[in-house]
Amino acid sequence: ALTMENLRMHAAYFLDCGGTKEVTVDNLTYIPDGSYIKVGKTTTISKPDLLPILSTLRYFPDMWAKKYCYSLPVIKGSKYLVKTMYYYGGFDGRNKQPPVFDQIIEGTRWSVVNTTEDYAKGLSSYFDIVVVPPGKTLSVCLARNAHTGGASPFISALEVKMLDASFYNPIDFNKYALLTVARNTFGGEDIIR
């Protein structure tokens, strides 16, 4: 049965990947990710003025594993906005060569993660997707690809938020997901979250 408590518990996750304590950014409380993934190693990045959720990361040096997955309890049939965030920070000593790897959601390749251009500008990288999980868990994975080589896939933060049922109604989420291709502001000067 769908109770209010069940709904509240599965409505949103804000995970500070590699973090060890709760941190608040823009009035959102991010929690450590260890309850949702059992593999990988964690590290911190020392850089002044870096957001707390970008100063920790989880990375995956195990070259024998095919993918590394977060598993989050969700409400079957609900729409979820999934956002992944990456800030390389030279954590592996390769400095200007961030790893290149794949993101997989619910067993389907979502996109390639290549943070090289953003990192060269001192920026983080992020990706958005809207999906309807077919079951009671949502799987968000990172995987090696032909470009990863000996490098380690990594992630800085993961957000999963349930959307109102009326959002994006024309989309058949049994067949498709909704990806962010570009963000534009028409007439405004500020980015609106």
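Given the structure is predicted, the values throughout are model-derived calculations rather than measurements.
Here the straight-line distance linking atom OG1 of T29 with atom CG of D16 works out to 11.5 Å at 0.5 Å rounding. Going from atom CD1 of I155 over to atom OH of Y86 covers 4.0 Å, rounded to the nearest 0.5 Å. We find the SG-CH2 distance between C141 and W110 to be 11.0 Å, quoted to the nearest 0.5 Å. Taking SG of C69 as the start and CD1 of I37 as the end, the distance is 7.0 Å to the nearest 0.5 Å. If you take CZ on F14 and NZ on K83, they are separated by 9.5 Å, rounding to the nearest 0.5 Å. Within the model, atoms OG of S156 and CG of L15 stand 12.5 Å from one another, a figure rounded to the nearest 0.5 Å.
Under the ring-ring contact (aromatic ring centres under 6.0 Å, His included) criterion, F60 pairs with Y68, sequence neighbours left out. Contacts of N27 classified as side chain to side chain contact (heavy atoms under 4.5 Å, CB included), with partners at least two apart in sequence or in another chain: none. Considering only residues two or more places apart in sequence or on other chains, T116 meets the side-chain hydrogen bond (donor to acceptor under 3.5 Å, both in side chains) condition with N114. Residues that satisfy the ring-ring contact (aromatic ring centres under 6.0 Å, His included) test with Y70, not counting sequence neighbours, are absent from this structure. A search for salt bridge (Lys or Arg N to Asp or Glu O under 4.0 Å) contacts involving K121 returns E117, not counting sequence neighbours. Annotation: ring-ring contact (aromatic ring centres under 6.0 Å, His included) contacts of Y59 (sequence neighbours excluded): F91.
Follow the hydrophobic side-chain contacts under 4.5 Å out from L57 and you reach V25 in the same cluster. By the criterion of side-chain heavy atoms lying less than 4.5 angstrom apart, applied directly or through intervening Ile, Leu, Val, Met, Phe, Trp or Tyr residues, I31 is grouped together with V74 in one hydrophobic cluster. Linking ILVMFWY residues whenever their side-chain heavy atoms come closer than 4.5 Å, directly or via other members, places V39 and V140 in the same cluster. In terms of hydrophobic clustering, with Ile, Leu, Val, Met, Phe, Trp and Tyr side chains grouped at heavy-atom distances under 4.5 Å, M162 and L28 are assigned to a common cluster.
Residue pairs meeting the salt bridge (Lys or Arg N to Asp or Glu O under 4.0 Å) criterion with at least one partner in residues 137-152, sequence neighbours excluded, are absent. Residues in residues 132-141 take part in no side-chain hydrogen bond (donor to acceptor under 3.5 Å, both in side chains) pair, two or more places apart or across chains. Sorted by first and then second residue, the disulfide (SG to SG under 2.5 Å) pairs involving residues 19-58 (not counting sequence neighbours) form an empty list. Annotation: salt bridge (Lys or Arg N to Asp or Glu O under 4.0 Å) contacts involving residues 56-68, sequence neighbours excluded, comprise D33-R58. The salt bridge (Lys or Arg N to Asp or Glu O under 4.0 Å) pairs that include a residue from residues 97-112 are D102-R109, where partners are two or more places apart or lie in different chains.
In this structure, the side chain of T56 engages the main chain of C17 through a donor-acceptor pair within 3.5 Å. In this structure, T148 contributes its side chain and V100 its backbone to a donor-acceptor pair below 3.5 Å.
Of all non-hydrogen atoms in Y36 and P73, the two that sit nearest each other are CE2-CD, 4.1 Å. Residues G19 and P32 come closest through the heavy atom pair O-CB, 3.2 Å. For the residue pair T115 and P98, the shortest heavy atom distance occurs at OG1-CB, 3.2 Å. Shown here for A151 and P99, the closest heavy-atom pair between the two residues is CB-CB, 3.7 Å.
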Residues 43-52, side-chain donor-acceptor partners within the protein, below 3.5 Å, at least two apart:
| unit_1 | atom_1 | unit_2 | atom_2 | d |
| --- | --- | --- | --- | --- |
| K47 | NZ | Y87 | OH | 3.1 |

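Between T84 and I129 the shortest side-chain heavy-atom distance does not fall below 4.5 Å. When side chains are defined from C-beta on, T20 does not count as touching T42, because their heavy atoms never get closer than 4.5 Å.
Remark: K38 NZ is packed, more than 12 non-hydrogen atoms of other residues, nucleotides or ligands lying under 6.0 Å away.
Less than 6.0 angstrom separates the ring centroid of F101 from the ring centroid of F154.
Side chain to side chain, Y30 and E159 meet the donor-acceptor criterion of an N or O pair below 3.5 Å.
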